[in-house]
J.: 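Pasting in a structure now, in structure tokens, and then I'll have a few things to ask.
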2 protein chains.
Amino acid sequence: MSSLKQIANDLGLSVASVSNALSGKGRVSPAVTKRVLSRANELGYKPNAAARALKTGRSHILGFVLPDITHPLFAKFAQGIESAADAVGYGVLIADSRDDGNGQAAAITRLVQRGVDGLVIVPRRGSTLTAQSIPMAVINSQSDPMNTVSANHFQGGMLAAETLLKLGHNHFLLLGADSLSDVQKERIAGMQRALSDQAKYKTIWADKMKIDIATLHDEGITAVIAVSDLSALNIMSSAHQVGLKIPEDLSVVGFDDLPICKVISPQLSSLAPDVQEIARQAIEFLCLSIDGAEQLPKSNVINMSFISRDSTASPTRK
Amino acid sequence: MSSLKQIANDLGLSVASVSNALSGKGRVSPAVTKRVLSRANELGYKPNAAARALKTGRSHILGFVLPDITHPLFAKFAQGIESAADAVGYGVLIADSRDDGNGQAAAITRLVQRGVDGLVIVPRRGSTLTAQSIPMAVINSQSDPMNTVSANHFQGGMLAAETLLKLGHNHFLLLGADSLSDVQKERIAGMQRALSDQAKYKTIWADKMKIDIATLHDEGITAVIAVSDLSALNIMSSAHQVGLKIPEDLSVVGFDDLPICKVISPQLSSLAPDVQEIARQAIEFLCLSIDGAEQLPKSNVINMSFISRDSTASPTRK
DNA sequence: TTGTATGCGTTATCAA
DNA sequence: TTGATAACGCATACAA
């Protein structure tokens with residue numbers, strides 16, 4: 001590989017001048033700058049990352065810790081984080097904690113040892129994070145005291161419920177999947193807030209109780225708001241199995257606006273988090289923190305938006 | 001942060017001895033080794049990654065380039081690669097090329113500049129890779145001359161077809177999604193090979209022609225082998241929409257064994273690639289290549305297995 | 001404007 | 001068995 005020394009030798013200059021010419025920091029004559037630039041170009045010179053990191057103390061690498069990259073929402077975050085980081089000159093090292101508390105802690109220490117400048121963490125549900133020796137940004141939910149930025153799950157829940165209310169529904173199933181998840185609890189709470197005194201509803205956590213969609217429909221339920229697209233998909237296919245039509249007999253909404261929403265039919269309406277913006281803010285926070293900003297932004301929350309597709313409609317009167 | 005020098009000063013030793021004691025390479029008295037180890041432990045000493053990388057020329061970081069981490073199959077690979085790499089002491093930097101040819105090339109150069117020791121690449125379909133200056137392993141398909149290791153898509157296609165033949169089906173729909181994908185072409189070719197002279201079949205590429213599952217069923221088709229779980233899911237929901245029962249009226253099989261297979265009902269039968277093994281071999285290849293092995297393993301292909309769930313059954317006679 | 005010198009933390013060579 | 005020292009490639013304070 002070519003190095004500063006290489007260029008300096010070729011041109012009969014000192015490494016310092018070459019370094020200055022390339023960085024534009026020191027004072028170098030235009031003539032020298034030009035020669036250096038052209039030679040660097042010829043050689044395809046790229047600064048050695050390790051040397052720079054050693055000298056400056058910054059690796060320009062971030063670590064991204066997440067519970068399970070196989071989960072489509074986390075994958076979206078990975079994509080967002082990677083592109084936001086790239087935009088400001090950082091690379092990202094991933095660490096899948098495989099949905100395991102020890103895994104999460106181990107992943108963090110591994111990354112720190114690799115010399116990352118900061119960490120973005122999507123914590124495993126129910127886990128508690130201990131403050132680290134390096135800057136970190138947490139993407140979780142409003143109720144997490146460590147939260148840096150996240151979707152506004154509560155508002156998302158409200159918006160879902162309000163949208164269906166406007167369509168004329170007045171008897172709801174609110175469907176949770178994992179009763180330990182703060183994110184899901186906030187979504188459900190938002191739904192309940194919007195619905196209280198406005199409509200009848202029943203909340204069921206699928207991890208605690210079997211759901212029988214046929215009976216629920218017989219009881220008069222015309223709309224299901226599921227806490228994730230995956231549960232929504234699950235309900236949709238069960239409904240199909242027992243002969244219920246969507247959206248004629250049942251409107252269904254999911255959360256997260258995953259790619260599958262568009263591959264199934266009817267296409268699934270969903271609440272979309274602004275992943276790009278969440279990722280951007282997480283990275284911005286991290287950069288500030290790395291650069292030693294005296295005061296950092298407070299925990300922030302980004303509104304979700306309703307993506308209307310074919311799984312929602314006004315209830316058909318009978 | 002603590003350093004070798006720190007430990008050396010504390011103990012009145014030279015850095016060299018401390019380094020040797022810690023690495024176990026040089027000859028150091030047991031007494032000194034013991035003192036060094038205990039002091040290092042007290043200080044929580046971790047070697048500085050940048051310094052080590054600078055000195056040794058190895059960053060112990062690999063780059064993983066993939067078309068779209070949002071796609072569930074690629075996410076599975078990301079997980080497999082990360083854990084296989086971790087197992088042999090490598091970290092992995094991700095680069096999502098966002099399904100864009102330029103993006104792919106740019107991602108590769110970015111990673112090289114960051115000083116990765118090698119690259120694992122899942123190429124964008126239809127793209128051609130140029131050999132790089134650093135070791136690389138390619139995960140694609142048998143027909144790619146650069147392929148290092150991949151699933152045996154052809155055998156997977158055959159196995160899918162054979163399994164349904166055994167169930168008694170004799171009229172098939174072979175469903176492709178992207179006619180430019182080598183992977184999909186090989187899967188379809190495998191199906192056709194197994195089916196020729198054994199059964200009737202019709203091959204349709206969904207990117208070229210609209211599919212009307214009701215009519216196809218009327219024509220006598222009782223089984224659909226889709227080239228991916230996503231297309232299978234798509235067909236399943238369309239079938240449900242027109243009142244076809246699965247698996248009574250139609251058996252459906254997908255490919256890749258994605259997590260969604262289990263969230264829908266009926267649960268989807270699928271052909272599973274051995275992602276762990278593919279990832280392991282890719283990493284193994286890369287390690288050999290990085291360590292300068294004189295001869296590297298030839299391109300290899302790993303058989304797929306049939307995961308039987310509820311979407312497949314013997315056809316019901318009428 | 002340019003060059004010299006030093007150090008970042010580690011490994012490795014060579015003397016002592 | 002241990003220690004002094006150089007080198008990896010770069011950035012910077014300082015001298016020329």
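These numbers come from the heavy atoms of this one structure, side chains and all, not from hydrogens, waters or symmetry mates. Numbered from 1 within each chain, the chains take letters A, B, ... in sequence-line order. These figures come from a predicted structure and were not determined experimentally.
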J.: Only pairs at least two apart or in different chains count here, so list each ring pair (Phe, Tyr, Trp, His ring centres under 6.0 Å) that has a residue in residues 14-45 of chain B.
T.: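 Of all non-adjacent pairs touching residues 14-45 of chain B, none passes ring pair (Phe, Tyr, Trp, His ring centres under 6.0 Å).
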
J.: For A:Arg39, enumerate each residue passing the side chain to side chain contact (heavy atoms under 4.5 Å, CB included) test, keeping only those at least two apart in sequence or located in another chain.
T.: A:Ile7, A:Asp10, A:Leu11, A:Glu42, A:Leu43

J.: Can you sort out the partners of B:Lys5 under side chain to side chain contact (heavy atoms under 4.5 Å, CB included), two or more places apart, ordered by chain and number?
T.: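 Here the qualifying residues are B:Ser3, B:Asn9, B:Val15.
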
J.: Using side-chain hydrogen bond (donor to acceptor under 3.5 Å, both in side chains) as the criterion, list what pairs up with B:Asn20, not counting sequence neighbours.
T.: none

J.: Nearest nucleotide by nearest heavy atom, which residue falls closer to the 5' end of DNA chain D, A:Pro47 or B:Ser29?
T.: B:Ser29

J.: Shoot me the first and last contacting nucleotide of DNA chain D against chain A, ordered 5' to 3', at under 4.0 angstrom to non-hydrogen atoms.
T.: D:dC8 to D:dT12

J.: Can you list every pair that meets ring pair (Phe, Tyr, Trp, His ring centres under 6.0 Å) and has a residue in residues 97-149 of chain B, with sequence neighbours left out?
T.: none

J.: Touch check for B:Arg27, heavy atoms < 4.0 angstrom, all strands: base, sugar-phosphate only, or nothing?
T.: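 Base, at least one base atom sits under 4.0 Å.
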
J.: Can you list every ring pair (Phe, Tyr, Trp, His ring centres under 6.0 Å) pair that touches residues 110-145 of chain A, not counting sequence neighbours?
T.: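 For residues 110-145 of chain A, and leaving out neighbouring residues, there are no ring pair (Phe, Tyr, Trp, His ring centres under 6.0 Å) pairs at all.
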
J.: Taking only residues at least two apart or on different chains, which pairs with a member in residues 288-304 of chain B satisfy side-chain hydrogen bond (donor to acceptor under 3.5 Å, both in side chains)?
T.: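 The answer is B:Asn147-B:Ser299, B:Asn152-B:Asn303, B:Gln281-B:Asn300.
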
J.: List for me each residue that meets side-chain hydrogen bond (donor to acceptor under 3.5 Å, both in side chains) alongside B:Ser14, sequence neighbours excluded, and say none if there are none.
T.: B:Ser17

J.: With a 4.0 angstrom cut-off to heavy atoms of chain A, pull out the first and last contacting nucleotide of DNA chain C, in 5'-to-3' order.
T.: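 For DNA chain C, the relevant span reads C:dT1 to C:dG9.
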
J.: Closest nucleotide of DNA chain C for B:Leu54 versus for A:Thr33: which of these residues is on the 5' side?
T.: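 Whichever sits nearer the 5' end wins; that is A:Thr33.
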
J.: Could you check A:Met1 against B:Pro30 and say which one's nearest nucleotide on DNA chain D is further toward the 5' end?
T.: B:Pro30

J.: Heavy-atom contacts under 4.0 Å between residues 3-24 of chain B and DNA chain C, which residues?
T.: B:Ser3, B:Leu4, B:Lys5, B:Ala16, B:Ser19

J.: Under the rule for ring pair (Phe, Tyr, Trp, His ring centres under 6.0 Å), what residues qualify as partners of A:Phe64, not counting sequence neighbours?
T.: none

J.: Without hydrogens or angle criteria, can the side chains of A:Asp68 and B:Gln79 be said to hold a donor-acceptor pair below 3.5 Å?
T.: yes

